[in-house]
Amino acid sequence: MSIVENLKENIRKEIIKALEANKAEGKLQYGEVPNFVIEVPREKNHGDFAVNIAMLMSKEAKMNPRQIAQLIADKFNQAGTCVEKVEIAGPGFINFYLNSQWLYDVLPLVEKEDSNYGSSDAGKDIKVQVEFVSANPTGLLHMGNARGAALGDALANLLAKAGYSVTKEFYINDTGNQIENFGKSLEARYFQELGHEFPFPEEGYHGKDIIDTVNRIIANEGKAYLDLEQDERRKKLIDIALDEKITAIRTALGNFGVEYDVWFRETTLHDSGAINEVIEQLKEKDLIYEHEGALWFRSSRFGSDDKDEVVVRSNGTPTYFAADIAYHKNKFDRGFDWVINIWGADHHGHVARMKGAVQAVGYNPDNLTVVLMQLVRLFRGGDIVRMSKRTGQYITLMELVEEVGKDAARYFFVLRNPDSHLDFDLDLAKQESSENPVYYVQYAHARICSILSASGEELPIAHKSDLSLLKEKAELDLIRKIADLPDEIAQAAKALEPHRLARYAHDLASNFHTFYNNCRVLTDDHELKKARLGLANATRITLRNVLTLLGVSAPERM
RNA sequence: GUGCCUGUAGCUCAGUUGGAUAGAGCAUCGGACUUCUAAUCCGAGUGUCGGGGGUUCGAAUCCCUCCAGGCACGCCA
């Protein structure tokens, strides 16, 4: 349990004791204690913690909330709680003011836990899988994939920090219609690049990357495929190009700081018979029926989905949805307690039937969470950059990283709630100025490192310093912020919202900059210097840990 | 037409299971470097929280309705 959680828990216990004491004396009537909140008030002068229980009990106790609050405050035993003042305020809040003693325990703890600081065991023994990006391997990664990568990776890091056992997975759609299309496109380019007339398929992939791939094949193997049977030729071209694309995707993600535990190929589900198996299984449960030559899954039986879905086309080939059912069954068969998919919002219509399918194959659909993220609009010079994958007009992840850098890109993507449409300003992201929020945070870290190396003191230092010398408001505010990290992480993990951490990082940096401008660290007062170095070092550790979760580097100099 | 997401300061966005006087950054204006990194700090102004109704001690948050924008409604993925 974190220091802050511990403080809250002690206060909670004493509040309940105070309630019981009042009840025993007949001053207060109630049945169950309502589920009340101990929260950090928005206003600093409302104390360290505020409790809303009096308002919640008002109706049942048939009393004015302020009166109830007063009864609780009267019986509240401060011993062992760090509380030094209790006040009744507003409509009936009980505000608790703490002495700063507890704050001084935070710094040595942070230095001791070091890179582990902020972690918790909230997700202990829970196996969770995060599947993200899973882009079609027929092209390169675009801005939408980049957002998914930044979000998914931060989420996975966050869950791991909160104690979950996390597996990151990329699902490769290496079969199906789009792959056939890919083959036709490759074939057409192959002929064209060798100087032959060849019609380009109507729904083909126009990207230049396809031409580049074909030219590499020609460079290596020349005209070897010209005389093959068409099927054979396409298959060979696909095999080579697919490997190349997957490698390119993996490299681009690697440059973006994203590494996966598992790369899962859709073809394994076809080859192993898993898809046929799951279809048979569903037939036995009468969840599949035939209509106009195709096989349909009764998704309308489940949840809010109102339409059935084709799983096997009338030509006998399974749809992507059939593979997806088998894939999700496979995930749960592997023992994951919680399966998280990150999808673009354009796939939202698929969520209900996917959950229905999970239920149909015998698992609890509540254990599948689909995080939808809205689409990305790219701006350059104040204008929207239009993107289209089909026509090959788009900025790739690789180009993005080259242009604005990994840190800025990841910070920008993870700064916003996945629910909101993201306007990505390329000019802003690559600006090396105060307008760019990522530098604000990194600069705080670099500043600290500079002080620490100039100090001539050995770290860690907080445990051998008199921390009670830290009395300035800026110092106490900063420690308070550092102490919040474990709770921030636990909450962000629970809500699957890594963007909260970006906010936290910014706030923490802000607290540090204020401290820096108010309090000189390398001062002649040796004891004070040591205490402030302890604070600076704990700030460094906290900042670095958060940035690491977000996939942003923490530079030692800038 | 139906479903999902969004609508908060000039701009980009936060807003914690409903909490107190709705907050940041940028932009604008005024201050602070012979001192540990001025990519910083300090100060100043800005709001019918899209409109309207409802629920309650209390609503940006929950419910209804309307308006605006995005997305999805395929034997595509």
Side-chain N or O of A:His499 less than 4.0 angstrom from OP1 or OP2 on B:G15? yes

Closer than 4.0 Å, any side-chain N/O of A:Ser420 to the OP1 or OP2 of B:A14? yes

By the 4.0 Å heavy-atom rule, please label A:Gln442 as base, sugar-phosphate, or nothing. nothing

Any N or O donor-acceptor pair under 3.5 Å from the base of B:A20 to the side chain of A:Asn95? yes

Phosphate OP1/OP2 of B:C76 contacted by A:Asn177 side-chain N/O (<4.0 Å): yes

Side-chain H-bond candidate by donor/acceptor type, A:Thr138 with A:Asn136, under 3.5 Å: no

Base, sugar-phosphate or nothing for A:Cys449? Non-hydrogen atoms, less than 4.0 Å. nothing

How would you list all residue pairs meeting salt bridge (charged side-chain N to carboxylate O under 4.0 Å, His left out) that involve residues 47-73 of chain A, not counting sequence neighbours? A:Asp48-A:Arg480

Pick base, sugar-phosphate or nothing for A:Val312, based on heavy-atom distances below 4.0 Å to the nucleic acid. nothing

Quiz item: cation-pi between A:Arg353 and A:Phe297, 6.0 Å / 45°: no

What's the gap between B:A39 and B:A27 when it is taken at their P atoms, as a whole Å value? 14 Å

What closest approach, in Å, do A:Pro498 and A:Leu158 show between heavy atoms, and which atom pair accounts for it? CA-CD2, 3.9 Å

Would you say the side-chain atoms of A:Asn173 and A:Gln178 include a donor-acceptor pair closer than 3.5 Å? no

Using nucleotides 27-34 of chain B, report all nitrogen or oxygen pairs with the protein that are shorter than 3.5 Å.
| from | atom 1 | to | atom 2 | distance (Å) |
| --- | --- | --- | --- | --- |
| B:A27 | OP1 | A:Glu435 | OE2 | 3.4 |

Scan A:Gln178 against the nucleic acid and name what it touches under 4.0 Å (heavy atoms): base, sugar-phosphate only, or nothing. sugar-phosphate

Ignoring hydrogens and angles, write down the donor-acceptor pairs under 3.5 Å from the side chains of residues 527-538 of chain A, residues two or more places apart or on other chains.
| from | atom 1 | to | atom 2 | distance (Å) |
| --- | --- | --- | --- | --- |
| A:Lys529 | NZ | A:Ser455 | O | 3.2 |
| A:Lys530 | NZ | A:Lys464 | O | 3.0 |
| A:Arg532 | NE | A:Glu475 | OE2 | 2.6 |
| A:Arg532 | NH1 | A:Arg520 | O | 2.8 |
| A:Arg532 | NH2 | A:Glu475 | OE2 | 3.0 |
| A:Asn537 | OD1 | A:Arg540 | NE | 2.9 |
| A:Asn537 | OD1 | A:Arg540 | NH2 | 2.8 |
| A:Asn537 | ND2 | A:Glu111 | OE2 | 2.8 |

Would you say a side-chain N or O of A:Arg447 is under 4.0 Å from OP1 or OP2 of B:A39? no

Considering only heavy side-chain atoms of A:Arg42, the closest of B:G19, B:A20, B:U40 is B:A20

Nearest-neighbour nucleotide for the A:Thr319 side chain, B:C5, B:A77, B:A38 considered: B:A77

Treat a base pair as Watson-Crick or G-U wobble with both distances under 3.5 Å, then lay out RNA chain B in dot-bracket form, 5' to 3', with | for cross-strand pairs. (((((((..((((.....[...)))).(((((.......))))).....(((((..]....))))))))))))....

Give a yes/no on whether any side-chain N or O of A:Tyr439 is located under 4.0 angstrom from OP1 or OP2 of B:U40. no

So which nucleotide from B:C75, B:U6, B:U16 ends up closest to the side chain of A:Trp296? B:C75

What is the nucleic acid contact for A:Asn417, judged by heavy atoms within less than 4.0 Å: base, sugar-phosphate only, or nothing? sugar-phosphate

Within less than 4.0 Å of OP1 or OP2 of B:G74, is there a side-chain N or O belonging to A:Lys307? yes

Pick base, sugar-phosphate or nothing for A:Ala536, based on heavy-atom distances below 4.0 Å to the nucleic acid. nothing

How far does the C1' atom of B:G43 sit from the matching atom of B:G7, given to the nearest Å? 32 Å

Would you indicate what A:His513 reaches in the nucleic acid, counting non-hydrogen atoms under 4.0 angstrom: base, sugar-phosphate, or nothing? sugar-phosphate

Of all the nucleotides listed (B:A20, B:C36, B:G15), which has the minimum atom distance to the side chain of A:Ala50? B:A20

If you look at every strand shown and take non-hydrogen atoms under 4.0 Å, does A:Tyr443 touch a base, only sugar-phosphate, or nothing? base

Distance-only criterion, 3.5 Å: show the donor-acceptor pairs between side-chain atoms of residues 321-328 of chain A and protein atoms not counting sequence neighbours.
| from | atom 1 | to | atom 2 | distance (Å) |
| --- | --- | --- | --- | --- |
| A:Asp324 | OD2 | A:His350 | NE2 | 3.2 |
| A:Tyr327 | OH | A:Glu169 | OE2 | 2.8 |
| A:His328 | ND1 | A:Asp324 | O | 2.9 |
| A:His328 | NE2 | A:Asn341 | ND2 | 2.8 |

Classify A:Tyr516 by what it touches in the nucleic acid, base, sugar-phosphate, or nothing, heavy-atom distance under 4.0 Å. base

Check whether any side-chain N or O of A:Arg503 sits under 4.0 Å from OP1 or OP2 of B:G23, and answer yes or no. no

Can you check whether A:Thr514 has a side-chain N or O nearer than 4.0 Å to OP1 or OP2 of B:C42? yes

Find out whether A:Arg380 and A:Glu403 are in side-chain contact, i.e. whether some heavy atom of one side chain is under 4.5 Å from a heavy atom of the other. yes

Is the phosphate of B:C57 approached by A:Lys59 (side-chain N or O, under 4.0 Å from OP1 or OP2)? yes

Using a heavy-atom cut-off of under 4.0 Å over every strand shown, decide if A:Ser58 touches base, sugar-phosphate, or nothing. nothing

Does A:Glu488 reach a base, just sugar-phosphate, or nothing at all? Heavy atoms under 4.0 Å. nothing

Are the ring of A:Phe93 and the base ring of B:A20 both nearer than 5.5 Å at their centres and tilted by less than 30°? yes

NA contact type, A:Pro65, heavy-atom cut-off 4.0 Å: base, sugar-phosphate, or nothing? nothing

Just call it for A:His347: base, sugar-phosphate, or nothing, with non-hydrogen atoms closer than 4.0 Å on any strand. base

Would you check if A:Ile172 and A:Ile249 make a side-chain contact, meaning some heavy-atom pair closer than 4.5 Å? no

Check: A:Thr542 and A:Tyr504 side chains under 4.5 Å, non-hydrogen atoms: yes

Which nucleotide in the list B:A72, B:U17, B:C41 gets nearest to the side chain of A:His348? B:A72

Extract from the structure each pairing of a protein N or O with an N or O of nucleotides 7-12 of chain B at less than 3.5 Å, listing the distance.
| from | atom 1 | to | atom 2 | distance (Å) |
| --- | --- | --- | --- | --- |
| B:U12 | O2' | A:Arg416 | NH2 | 2.4 |

Look at all strands and tell whether A:Ala345 reaches a base, only sugar-phosphate, or nothing, counting heavy atoms closer than 4.0 Å. sugar-phosphate

